[in-house]
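Single-structure report; data block below.
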Amino acid sequence: MSERSEPVMDTPEPPADRGRVDSATEAFVAHRNLLFTVAYEMLGSAADAEDVLQETWLRWADVDLDHVRDRRAYLVRITTRQALGRMRTLRRRKESYIGPWLPEPLLTAPDVAHDVVLADSVSMAMLLVLETLAPVERAVFVLREVFDLDYDEIAEAVGKTPVAVRQIAHRARTHVAARRPRGVVPPAEAHDALRAFQRAVETGDLQSLLDKLAPDVVLLGDGGGVVQAALTPVVGADQVAHVLATGRLSTITAASLQPAQVNGYPALILRLDGEVDTVLAVRIDDGLITGLYAVRNPEKLSRIEHPTTLHR
């Protein structure tokens with residue numbers, strides 16, 4: 001007996017319902033880039049952020065809009081709650097991850113770099129700092145420091161009292177301040193440092209490479225167990241320079257290593273045979289490179305071909 005069922009015909013919605021759906025859709029689309037940015041900053045994963053947006057839409061579509069005073073705030077609240085739930089799934093995934101876990105890099109438009117707060121908040125260096133926060137701390141920090149929500153709105157989103165949220169925000173700010181880059185790097189300075197680093201790698205000039213690295217520089221490689229990458233952090237200028245001079249980057253040509261804007265800051269994209277092989281982002285403190293983040297896991301490179309629009 002055939003398991004195929006008869007096609008189900010769509011039932012036209014009554015005019016009132018159609019108007020409600022159109023209004024809900026309009027509000028969701030208007031704030032979609034903002035909601036994606038909120039979810040991405042909480043999760044560090046574009047794929048999971050997209051899943052959160054799907055879940056947000058399903059819940060938003062059932063909301064009675066007549067009782068919603070601030071649609072933006074309500075949507076952010078739903079997104080935050082869904083992202084907090086998604087963090088539990090991500091935590092389990094990271095526990096079994098092979099080698100260092102790095103955020104999913106995004107090719108970003110130049111306007112992101114012009115928003116200093118937004119660019120700093122989505123930089124690879126900052127996203128790694130946010131990884132050291134507890135889930136609710138991360139949500140509170142992002143909503144308060146990046147999106148400037150008031151404590152009452154944040155309290156609704158995370159299920160805490162405003163007083164508790166103030167305490168969490170203070171604790172999170174202190175935690176982040178002790179670990180974040182020592183100052184916001186002007187894009188021009190980051191570009192110059194990265195260009196000098198690129199020349200040193202391309203020419204194999206080990207001394208020039210050492211001149212660009214801080215003594216305590218850390219290189220993290222994310223292959224996800226799918227492609228080759230260092231399974232532990234490489235620490236120290238001599239060790240990092242040796243890996244760069246003798247490893248995969250030693251075989252590149254000028255044509256295969258291309259500058260790009262990744263997560264709001266200059267970065268390098270290594271292409272082999274036209275395909276993205278590695279995204280290399282940097283952290284710069286006091287003019288020297290203190291962090292190198294090489295994302296090679298193919299599952300994390302899909303957002304590098306086309307710019308992602310971020311908004312706050």
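- A donor-acceptor pair under 3.5 Å links the side-chain atoms of Gln198 to the main chain of Leu257, judged by distance alone.
- When only modelled atom types and interatomic distance are considered, Thr290 and Asp285 share a side-chain donor-acceptor pair under 3.5 Å.
- Using modelled atom types and a 3.5 Å distance limit, the side chains of Asn263 and Tyr293 yield no donor-acceptor pair.
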- Show your reasoning for whether side-chain contact (heavy atoms from CB on, under 4.5 Å) applies to Thr80 and Ile78. CA-CA 5 Å; Thr80 300; Ile78 298 174; over 6 Å; no

- Message: Determine whether Val38 and Leu34 satisfy the following criterion, side-chain contact (heavy atoms from CB on, under 4.5 Å), listing intermediate values before the conclusion.
- Response: CA-CA 6 Å; Val38 169; Leu34 162 71; 4.3 Å; yes

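- A side-chain donor-acceptor contact under 3.5 Å links Arg179 and His175.
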- Item | Derivation and outcome, side-chain contact (heavy atoms from CB on, under 4.5 Å), residues Leu130 and Met126 | CA-CA 6 Å; Leu130 295 181; Met126 178 56 80; 4.3 Å; yes

- Evaluate the criterion ring pair (Phe, Tyr, Trp, His ring centres under 6.0 Å) for residue pair Trp60 and Phe28; output intermediate values, then yes/no. CA-CA 8 Å; Trp60 174 246; Phe28 184 83; 7.9 Å; no

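- Within 6.0 Å of the NZ atom in Lys300, the count of heavy atoms belonging to other residues, nucleotides or ligands exceeds 12.
- In this structure, Asp120 pairs ionically with Arg180, as a charged nitrogen and a carboxylate oxygen lie closer than 4.0 Å.
- Side chains of Asp48 and Tyr40: a donor-acceptor N/O pair is absent below 3.5 angstrom, by distance only.
- Side-chain contact between Asp216 and Val218: absent, with no pair of heavy atoms (C-beta onward) separated by less than 4.5 Å.
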- Give the C-alpha distance, both sets of side-chain angles, the deciding distance and a yes or no for side-chain contact (heavy atoms from CB on, under 4.5 Å) between Glu299 and Glu104. CA-CA 9 Å; Glu299 295 179 359; Glu104 185 176 349; over 6 Å; no

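- Counting heavy atoms from C-beta outward, Arg283 and Ile289 have side chains that stay 4.5 Å or more apart.
- Judged by distance alone, the side chains of Arg312 and Thr37 never bring a donor and an acceptor atom under 3.5 Å apart.
- Nearest heavy atoms, Leu65 versus Ser23: CD1-OG, 3.7 Å.
- A salt bridge is absent between Arg144 and Glu137: the closest approach of a Lys/Arg side-chain nitrogen to an acidic carboxylate oxygen does not fall below 4.0 angstrom.
- At a threshold of 4.0 Å, the pair Asp277-Arg271 does not count as salt-bridged, since none of the basic side-chain nitrogens sits closer than that to a carboxylate oxygen.
- At least one cation-pi condition fails for Arg71 and Tyr74: the charged atom is not both under 6.0 angstrom from the six-membered ring centre and inside a 45 degree cone around its axis.
- Counted by atom type alone, Asp111 and His114 present zero donor-acceptor pairs between their side chains at under 3.5 Å.
- Sparse packing is recorded around CD of Gln54, with 12 or fewer heavy atoms of other residues, nucleotides or ligands lying under 6.0 Å away.
- A donor-acceptor contact closer than 3.5 angstrom links the side chains of Ser121 and Glu41.
- Glu145 has a carboxylate O that lies under 4.0 Å from a charged side-chain N of Arg173, or vice versa, which qualifies the two as a salt bridge.
- A continuous path of hydrophobic side-chain contacts links Ile304 to Leu220 [ILVMFWY only; heavy atoms under 4.5 Å].
- No side-chain N or O of Thr79 forms a donor-acceptor pair with one of Arg59 less than 3.5 Å apart.
- Leu213 places a side-chain heavy atom less than 4.5 Å from the side chain of Leu292.
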